[in-house]
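Working notes for the structure below.
Just so you know, these numbers come straight off a predicted model, no measurement behind them. Lettering of chains follows the sequences in order, A, B, ..., and the numbering in each one begins at 1.
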There are 2 protein chains.
Amino acid sequence: MALNPQKPALDPAYLEKLQDYYAEHKVIPSYSVLATLWGISAKSWVAECVKRFEEAGYLDWTPDRQLKPGARFFERRLADSTVQAGLPNPAISEGYDLVTIDDYLVRVPSRTSLVRVKGDSMIDAGIHEGDLLVVEQQPNANVGDIVVAIVDNEFTVKYLDRERGNFVLKPANKAYPVIRPRGRLEIFGVMAGLVRRVR
Amino acid sequence: MALNPQKPALDPAYLEKLQDYYAEHKVIPSYSVLATLWGISAKSWVAECVKRFEEAGYLDWTPDRQLKPGARFFERRLADSTVQAGLPNPAISEGYDLVTIDDYLVRVPSRTSLVRVKGDSMIDAGIHEGDLLVVEQQPNANVGDIVVAIVDNEFTVKYLDRERGNFVLKPANKAYPVIRPRGRLEIFGVMAGLVRRVR
DNA sequence: TTGACAACAGAACAGTCGTTCGGTAGCTTA
DNA sequence: TAAGCTACCGAACGACTGTTCTGTTGTCAA
């Protein structure tokens, strides 16, 4: 049966408990806390398990030898629409590492804001009321970008376009008019992503 | 000048350095590492600064007295569409704490997958090609839910509906037909959120 | 029935942790 | 010019950390 002599078993239940702990506290606990978390009473055995998770890429060390989440720790199963033939447990097959959704969406934390969308003026761009817009704050943008602009002391989300040398804001909904600002157009930032929660 | 006698100064540069460190390692370092990170040579002074960040809500402790990020540590500025009159620096006004986008979207990490959307069959529900669907894996769902089902060994995203006692999958695009599965409908999970990255 | 291995327990230990306390230098305020 | 505060430094200490090493128990194959 020793087909894979290199791989010692590693308990997925342990990983889940650690991930739950991390989700709550955003920190990897010490070995003794891990011990009680895992229901183990010997630190030495905790160390052994940690080493396995480390070798599997779920845990890692900082330069100062502090335990930290590894590359695969945040791995969420990313499943592709097209799945190969025999799928006993569909999503398991493709283990693609996409770290955090935050990391996926936010490139420059200090310049990134979230703006809650009101109204349906951008519905044809798939932007619905209540969605959260990930906005990178910057004073200018390119034609074609979806921008968050400040018009009459309110935020509006629109496509940026140009008409006879002037910037205009175009909605993605025929029911709304194009906004042609008199004077300078004040841009708050450009859309870098979108987050929607359902239910 | 002692108008606010209660508030000792806390250095925002320290916080930024900590946040950068955390962004890289996903862990709060020890006092001695913090000391070198902040360019301080006395641990006692690090302890003092940490206490201030703790009192301000940026740091916190686990039940086991390990240092961890506090509620405001991940704070991203969430700006509302309607902003009051005088807006010199629009987004600053509303400091709303929404922790991580991950926390916002995923409730049960172990049962949550991400599915990349192919095709435009759900475009009227604001689900575009290339979007990432946050899916909570579960074998059944309610009518009206957007579900990820397995049909002919492929994932499909559709509305779940019922027709004459049988479950059917309805697209949100008139160009696509309703799917009426013969036999059992295999549900992979229900949509809990949506993530889109632009550019 | 022996041996090998995996899954643990427990003790011992040096290094590191965070805390406490006593100190100093510079700036205000009175 | 003395008193008081803030921003730091440095040493000492006990508690806790992760490591190592030596068992013990159960399972499975030969």
Checking contacts here: which listed nucleotide ([options]) is nearest the side-chain heavy atoms of [X]?
X        : options                   : value
Trp45(B) : dA7(D), dA7(C), dG18(C)   : dA7(D)
Ser44(A) : dA9(C), dA7(C), dC8(D)    : dA9(C)
Ala42(A) : dT17(D), dC17(C), dG10(C) : dG10(C)
Arg52(A) : dG10(C), dA7(C), dT19(C)  : dA7(C)

Under 4.0 Å, counting only non-hydrogen atoms across every strand here, what does Leu67(B) touch: a base, just sugar-phosphate, or nothing? nothing

Measure [atom1]/[X] against [atom2]/[N] and give the value in whole Å, please.
X        : N       : atom1 : atom2 : answer
Lys43(A) : dA9(C)  : NZ    : C1'   : 13 Å
Lys51(B) : dT6(D)  : NZ    : P     : 12 Å
Tyr31(A) : dC8(C)  : OH    : P     : 17 Å
Gln66(A) : dG18(D) : CD    : P     : 9 Å
Glu48(A) : dC5(C)  : CD    : C1'   : 13 Å
Trp61(B) : dG18(C) : CH2   : P     : 7 Å
Ile40(A) : dT24(D) : CD1   : P     : 21 Å
Leu34(A) : dC16(D) : CG    : P     : 17 Å

Shortest non-hydrogen contact between Ile40(B) and Trp45(B), atoms and distance: CD1-CD1, 3.4 Å

For the pair Lys26(A) and Asp103(B), find out whether any cationic side-chain nitrogen is under 4.0 Å from an anionic carboxylate oxygen. yes

N-O pairing of Glu55(A) and Lys51(A) below 4.0 Å: no

Take Arg180(B) and Glu163(B) through the salt bridge (Lys or Arg N to Asp or Glu O under 4.0 Å) test and state the conclusion after the steps. CA-CA 9 Å; Arg180(B) 299 183 176 81; Glu163(B) 258 183 15; 2.7 Å; yes

Taking N and O atoms by type only, does the side chain of Ser41(B) place a donor or acceptor under 3.5 Å from a partner on the base of dC8(D)? no

Do the ring centers of Phe74(A) and Tyr22(A) come within less than 6.0 Å of each other? yes

When the nearest nucleotide of DNA chain D is assigned to Gly39(B) and to Val33(A) on a heavy-atom basis, which residue is associated with the more 5' position? Gly39(B)

Counting just side-chain N and O atoms, does Arg65(A) come under 4.0 Å of either OP1 or OP2 of dT19(D)? yes

